[in-house]
K.L.:
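If you scroll down you'll find the structure; I have some questions about it.
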Amino acid sequence: MAQKPSIPKGTRDFSPIEMVRRNYIFDTIREVYRIYGFQPIETPAMENLSTLMGKYGDEGDKLLFKVLNSGDFLENIGFDELKKGNSLKLTNRISEKGLRYDLTVPFARFVVQHFGELTFPFKRYQIQPVWRADRPQKGRYREFYQCDADVIGSDSLLNEVDLVQIIDDVFKRLNVRVLIKLNNRKILAGIAEVIGESDRIVDITVAIDKLDKIGIDAVNEELREKGVADAAIVALQPILNLSGSNEDKLNQLLTILATSEKGLKGIEEIQVIIRYLKAFDLSTPVELDLTLARGLNYYTGAIIEVKALDVQIGSICGGGRYDDLTGIFGLKEMSGVGISFGADRIYDVMTQLDVFPTDRIASTKVLFLNFGRDEGEFCLPLLQKVRMSGISAEIYPDIVKIKKQMSYADRKRIPFVVIAGETEIAAKNVKLKDMNSGAQFSVPLIELVPILLTKLEV
RNA sequence: GUGAUUGUAGCUCAGUUGGUUAGAGCGCUAGAUUGUGGAUCUAGAGGUCGUCGGUUCGAGACCGAUCUUUCACCCCA
């Protein structure tokens, strides 16, 4: 055999059964987004590097896939420059496009570029793959889908409430038990303020975000390494240890953050959201989690994250409010809030929980056996009638042994086989075989479609 | 980016301290069954042992590089 072909690291092929399941997830999310009044858009796989660079932090810039300029990309590069090997500088000369890293930044670009054509508040959803040059590991791929919904041009906390409901709705439909965690960047900022380390808000949040995973001692150790003052770490402890109901936690926070205007604003926002949510009959628990930080690049208000309750995996959905995402593209005063479902991780979770509906697997419902040229021709009008009635059907294209054709039906889990050989044609009927029971019986030509419709109905 | 880890038939894996022609199960193909799938039996096909280089009389096994797999960290969906 010649050398086996392969695909790039961190990418995957999807078989028909995997596609059926993935589409089930996409269709569910798409349907919920539609019901909540979001409209679809798509953006190109490639964006200009100037759009992408600097939006995801230094780490993010490194993880961008860059696309080499077409044509002779070294045309204007001197040999001396190449020899110097300043790859950062060279990259700018030979590449001006990159694969999108997420859907939010391209969306911000979209809003600025199409500002005049849009009606605000603009609610859009977008389900497309994104690419990151990360090292693959569990639940992490270099090409994966995000399913984003954002509202831009509205400050109202009702949007946050909508998003929480969407999350609840989607996972209810998908039959996955989850926990929704809420937090607010203003509270995090308030905490940093009252412990006297406002400048270190990023370090502090990154560290306490790991509380679940590494424990309080390791968190304190990391804070110390990052240069947070011992007094501040001590002041932080009671906050990390807050417990009880959401109301209890908020009440205690009110005292702790009493001197921080920003912190109090954050508390108020969360209170409003939680109060609104009480009006709905949610099946998902919503928990205030002060250690929730998420990517800090653009979030400014609410932060939302969703964890599967029954499977150990990273977050499967997340989002938050960003007050000035479009500002970097020159459009100020545009507050937005959005969420993103990680379809690939949801797929992994649902696979582990075995909660995919089974009836979606068979695609073809009826197979016409092919006994020969004349018999095959005899089947064609019947085949068309079956298809016109909305039942997926096919005729075995090659004239091969019946055993092989039956085996094909069996392996594709086709529930019904139509047998039309010499004897049936002479008798002006066909035999219909039920592949599950193995029973088969004669059916007059006229009745084939009605009988199939009743049988498949069940 | 840091540190580990994996690679032998389509799939899951054996392969002894380096020694003749690299094996098994499942799957696949054909037949038993000249118009009937899922069971059984029989036979058969299929491998430059990830790739390149090195050590050796001799490498699937040892060494190096590289690609790939999986995992942790960083970060994140």
Side-chain angles (χ1 to χ4, degrees), chain A residues 1-12 15 25 29 56-64 100-104 127-148 202 205-207 209-210 213-214 218 222 292-297 304-308 312-320 338-349 367-372 375 396 399-425 430-441:
Chain A
M1 198 202 304
Q3 176 125 27
K4 265 192 219 173
S6 62
I7 54 177
K9 185 200 289 230
T11 63
R12 298 155 295 162
S15 64
I25 295 174
I29 294 171
Y56 309 103
D58 290 346
E59 288 286 333
D61 282 354
K62 280 187 219 150
L63 301 181
L64 283 173
R100 63 165 168 260
Y101 180 92
D102 72 355
L103 300 179
T104 310
I127 299 178
Q128 290 191 271
V130 302
W131 294 269
R132 294 181 190 178
D134 217 341
R135 279 234 195 140
Q137 58 177 269
K138 192 185 184 74
R140 179 191 287 183
Y141 310 99
R142 288 185 149 189
E143 178 185 58
F144 62 98
Y145 270 76
Q146 289 192 331
C147 313
D148 278 32
V202 172
T205 48
V206 166
D209 190 43
K210 298 175 188 161
K213 207 166 169 183
I214 60 177
E222 183 166 330
L292 176 59
R294 293 190 55 74
L296 292 150
N297 307 307
I304 306 169
E305 187 164 285
V306 180
K307 299 211 80 170
Q312 191 77 37
I313 196 164
S315 73
I316 54 179
C317 177
I339 51 169
S340 176
F341 288 89
D344 297 274
R345 285 190 179 171
I346 293 173
Y347 179 94
D348 290 346
V349 168
L367 176 73
F368 285 75
L369 297 192
N370 192 341
F371 280 83
E375 294 90 334
Y396 198 91
I399 301 163
V400 296
K401 286 193 178 130
I402 296 310
K403 181 188 171 84
K404 191 173 167 83
Q405 300 189 34
M406 291 296 287
S407 164
Y408 172 80
D410 185 48
R411 294 178 39 163
K412 275 188 79 174
R413 301 199 186 182
I414 298 173
F416 291 99
V417 169
V418 172
I419 302 163
E422 236 177 299
T423 35
E424 287 79 13
I425 294 173
V430 294
K431 286 212 174 62
L432 182 62
K433 175 160 178 154
D434 181 330
M435 292 296 281
N436 290 322
S437 65
Q440 82 184 40
F441 42 87

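If you're wondering where the values come from, they're calculated on a predicted model, not measured in any experiment. Chain naming here is simple, since letters A, B, ... match the order of the sequence lines and numbering starts at 1 in each.
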K.L.:
Send over the distance from A/Lys9 NZ to B/U6 C1', rounded to a whole Å.
P.N.:
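These atoms are roughly 13 Å apart.
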K.L.:
Would you kindly give the CG-to-P distance between A/Asp58 and B/C75, to the nearest whole Å?
P.N.:
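These atoms are roughly 13 Å apart.
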K.L.:
So for A/Gln440 and B/U36, does any side-chain atom that can act as donor or acceptor lie under 3.5 Å from a complementary atom in the base?
P.N.:
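Check passes, donor-acceptor contact within cut-off.
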K.L.:
Establish, with yes or no, whether the OP1 or OP2 oxygen of B/U36 is under 4.0 angstrom from a side-chain nitrogen or oxygen of A/Lys403.
P.N.:
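Indeed not, no polar side-chain atom of A/Lys403 lies that close.
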K.L.:
Using a 4.0 Å heavy-atom cut-off across all strands, classify A/Glu424 as base, sugar-phosphate, or nothing.
P.N.:
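The answer is base, as A/Glu424 lies within the cut-off (heavy atoms under 4.0 Å) of a base atom.
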K.L.:
Between A/Arg135 (side chain only) and A/Gly10 (backbone N and O only), is there a donor and an acceptor less than 3.5 Å apart?
P.N.:
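Checking the backbone N and O of A/Gly10 against the side chain of A/Arg135, no donor-acceptor pair under 3.5 Å is found.
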K.L.:
Applying a 4.0 Å non-hydrogen cut-off, can you work out what A/Asn436 is touching in the nucleic acid: base, sugar-phosphate, or nothing?
P.N.:
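Counting heavy atoms under 4.0 Å across all strands, the contact made by A/Asn436 includes a base.
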K.L.:
Could you write out RNA chain B as dot-bracket? Rules: Watson-Crick or G-U wobble, both distances under 3.5 Å, brackets [ ] for crossings, | for pairs with another strand, dot for unpaired.
P.N.:
((((..(..((((.....[...)))).(((((.......))))).....(((((..]....))))))..))))....
K.L.:
Starting at CD of A/Gln440, measure out to CG of A/Asp434 and round the result to the nearest 0.5 Å.
P.N.:
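So the CD of A/Gln440 and the CG of A/Asp434 are separated by 10.5 Å.
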K.L.:
Counting C-beta onward and ignoring hydrogens, is there a side-chain heavy-atom pair between A/Val349 and A/Ile346 closer than 4.5 Å?
P.N.:
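Heavy-atom side-chain distance check fails, nothing below 4.5 Å.
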K.L.:
Hey, could you give me the CZ/CG distance between A/Phe144 and A/Asp134, rounded to the nearest 0.5 Å?
P.N.:
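With rounding to 0.5 Å, CZ (A/Phe144) is 8.5 Å from CG (A/Asp134).
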K.L.:
Find out whether A/Leu369 and A/Met406 are in side-chain contact, i.e. whether some heavy atom of one side chain is under 4.5 Å from a heavy atom of the other.
P.N.:
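Yes; the side chains approach each other to less than 4.5 Å.
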K.L.:
Would you find a donor on one side and an acceptor on the other, under 3.5 Å apart, between the side chain of A/Arg345 and the backbone of A/Ser315?
P.N.:
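Answer holds: yes.
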K.L.:
For A/Phe341 and B/A77, are the ring centres under 5.5 Å apart with planes inclined under 30°?
P.N.:
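Stacking is absent between B/A77 and A/Phe341, given that the ring centres and planes do not meet under 5.5 Å and under 30°.
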K.L.:
Please tell me which of A/Ile316 and A/Pro136 maps to the more 5' nucleotide of RNA chain B, matching each residue to the nucleotide holding its nearest heavy atom.
P.N.:
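Per heavy-atom nearest nucleotide, the more 5' residue is A/Pro136.
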K.L.:
Closest to the A/Ser315 side chain: B/A77, B/G37, B/C71?
P.N.:
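Minimum distance to the A/Ser315 side chain belongs to B/A77.
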K.L.:
Starting the side chain at C-beta, find the nucleotide from B/A77, B/G37, B/C75 nearest to A/Lys213.
P.N.:
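Comparing B/A77, B/G37, B/C75 against the side chain of A/Lys213, the answer is B/C75.
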K.L.:
Taking atom C1' of B/G37 as reference, at what distance in whole Å does atom CZ of A/Phe416 sit?
P.N.:
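Interatomic distance, CZ of A/Phe416 to C1' of B/G37: 15 Å.
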K.L.:
Polar-atom pairs under 3.5 Å, protein N or O versus N or O of nucleotides 28-30 of chain B: list them with distances, or write none.
P.N.:
{"from": "B/C28", "atom 1": "OP1", "to": "A/Arg411", "atom 2": "NH1", "distance (Å)": "2.5"}

K.L.:
Rounding to an integer number of Å, can you tell me how far A/Ile402 CD1 sits from B/U33 C1'?
P.N.:
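Checked: the CD1 to C1' distance equals 14 Å.
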K.L.:
Restricting both atoms to N or O, compile the protein contacts to nucleotides 1-4 of chain B shorter than 3.5 Å, with distance only.
P.N.:
{"from": "B/U2", "atom 1": "O4", "to": "A/Arg135", "atom 2": "NH1", "distance (Å)": "2.7"}
{"from": "B/G3", "atom 1": "O6", "to": "A/Arg135", "atom 2": "NH1", "distance (Å)": "3.0"}

K.L.:
Checking contacts here: which listed nucleotide (B/C73, B/G37, B/A77) is nearest the side-chain heavy atoms of A/Arg345?
P.N.:
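Nearest to the side chain of A/Arg345 among the choices is B/A77.
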K.L.:
For A/Ser340, answer base if it contacts any base atom (sugar-phosphate contacts may also be present), sugar-phosphate if it contacts only those atoms, and nothing otherwise; contact means non-hydrogen atoms under 4.0 Å.
P.N.:
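If one applies the 4.0 Å heavy-atom cut-off, A/Ser340 turns out to touch nothing in the nucleic acid.
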K.L.:
Quick one: sort the A/Tyr396 and A/Tyr408 rings into parallel, tilted or perpendicular, breaks at 30° and 60°.
P.N.:
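Perpendicular.
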K.L.:
In whole Å, I'd like the distance from the CG atom of A/Asp209 to the P atom of B/C75.
P.N.:
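Atom-to-atom, A/Asp209 to B/C75, this comes out as 9 Å.
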K.L.:
For A/Gly139, which contact category applies under a 4.0 Å heavy-atom criterion: base, sugar-phosphate, or nothing?
P.N.:
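Result for A/Gly139 = base.
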K.L.:
Just how far, in rounded Å, is C1' of B/U36 from OH of A/Tyr408?
P.N.:
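That distance rounds to 17 Å.
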K.L.:
Please check the phosphate of B/C74 (OP1 and OP2 only) for any side-chain N or O of A/Lys210 closer than 4.0 Å.
P.N.:
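Looking at the OP1 and OP2 atoms of B/C74, one of them is under 4.0 Å from a side-chain N or O of A/Lys210.
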K.L.:
Taking C-beta and beyond as the side chain, do A/Tyr141 and A/Thr11 meet within less than 4.5 Å on heavy atoms?
P.N.:
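The answer is no, as the side chains (C-beta and beyond) never meet within the 4.5 Å cut-off.
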K.L.:
Using a cut-off of 4.0 Å on non-hydrogen atoms, how would the nucleic acid contact of A/Gly372 be classed: base, sugar-phosphate, or nothing?
P.N.:
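No contact.
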K.L.:
If you only use heavy atoms from C-beta on, which nucleotide in B/C71, B/A77, B/G37 is closest to the side chain of A/Lys138?
P.N.:
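Nearest listed nucleotide: B/C71.
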